[in-house]
Amino acid sequence: MPNEIENRLASYALKSSKSLGRVHNEDPPNLRSEFQRDRERIIHSTAFRRLEYKTQVFVNHEGDMYRTRLTHTIEVAQISRAVARALKINEDLTEAISLAHDLGHTPFGHAGQDILNKCMKEFGGFEHNIQSLRIIDKLENQYANFPGINLCFETREGILKRCSLSLAKKLGSVGNRFIEKKNPSLEAQLTNICDEIAYNNHDIQDGIKAKKIFIEQLEDLPIFYDQMSEVLAKYPRLSKSKIVSETVRKIINMLVNDVIKNSNEEIKKENISTSEDVRNCKKTLICFSDEIKRLNIELKKFLYKNLYMHPDVVVMTNRANVIIKDLFLAYNNDLNLISEEYCAHNIDKINLGHKERVICDYIAGMTDRFAQQEHQRLFK
Ligand code: MG
């Protein structure tokens with residue numbers, strides 16, 4: 001049955017029956033496709049559950065109504081699934097990549113990543129995207145026969161959005177596309193653009209709710225103003241919060257429709273008929289039209305300047321720097337401060353001289369609140 005569904009997909013969709021397989025061989029599932037199994041393994045992972053208490057923009061304890069890394073991930077999966085179905089590409093693979101795309105995020109969002117990267121400068125650095133792959137390949141610890149969750153090549157490759165050439169050489173086949181300068185699958189390209197659609201729009205909603213940005217400022221952006229005008233023409237007496245949510249709905253709808261239409265056109269224009277054609281194509285095929293791209297960049301710039309660099313958000317960034325740097329130095333100074341069970345599990349890596357990486361994995365895996373509790377415990 002799973003293959004029957006895949007038979008209805010476009011010729012350029014990635015089919016699980018053509019998968020390059022898993023690092024550790026396993027019997028095929030009988031009721032599900034290989035990519036469905038990947039999706040379900042991601043949902044059952046520890047790293048996935050921890051996303052609930054990790055920052056998207058606002059630190060987890062700042063309010064219960066804001067997006068967390070988990071709700072962001074679910075929104076990305078929802079949007080990308082809908083677009084995948086419309087484009088007749090593999091919905092299960094798209095969903096698996098979407099659900100795993102942020103697994104490697106540290107506590108406190110990008111601020112956490114940047115400071116952890118600085119702490120790890122002499123020891124190979126840190127990047128959340130690489131960490132997502134490390135989690136699914138090595139760090140998840142619940143299966144009898146292998147480390148990690150042993151996902152299919154296509155899911156792993158899709159998760160690895162960017163990678164330096166030097167690192168790509170060390171990653172084996174999953175890093176090859178960076179060396180060969182090839183495109184990722186349509187399913188991976190789609191996850192990238194849906195990530196952007198999701199965060200730009202939910203950050204508008206959360207930013208307004210948190211009173212960091214205001215409708216009056218957003219009115220200067222054509223992408224917001226035009227959609228809001230249509231909402232107000234239809235519902236002149238709407239409350240402010242409903243104006244925002246109706247406008248955001250319309251923007252998402254417009255972006256999604258644009259991606260579907262434009263990507264279909266690009267696929268046709270480039271004569272794409274197989275997933276190999278996608279890999280060899282010099283262009284990204286899942287993309288906005290030029291006009292929408294321009295409007296979207298304007299929105300991103302607005303959010304960067306007015307929300308992500310807002311003084312209150314920067315305070316959180318500075319606090320994250322202190323917490324993560326303090327924890328890294330404290331653990332590096334005395335490994336006994338880390339959970340005994342975790343150290344015992346990683347004793348071989350520690351003995352081989354990878355103590356800093358073991359500490360980095362420990363900190364990267366923390367939720368916002370655990371990092372804060374640890375900091376209080378060690379530095380009260
Ligand atoms: Mg994301």
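We count ligands from 1, going down the list as the structure has it; atoms in each ligand are counted the same way.
- A side chain to side chain donor-acceptor pair (under 3.5 Å) with E154 holds for exactly one of S19, S275, S185; it is S19.
- A distance of 11.0 Å separates CD1 in I130 from CZ in R134, rounded to the nearest 0.5 Å.
- In D102, the N, O or S atom that comes nearest to the Mg ion (ligand 1) is OD2.
- Here the N, O or S atom of D195 that is nearest to the Mg ion (ligand 1) is OD1.
- Under the 4.5 Å side-chain criterion, counting only non-hydrogen atoms from C-beta, S98 is not in contact with T73.
- Because the distance cut-off is set at 2.8 Å, H105 fails to qualify as a neighbour of the Mg ion (ligand 1), as none of its N, O or S atoms comes that close.
- If you check the side chains of N296 and E196, you find a donor sitting under 3.5 Å from an acceptor.
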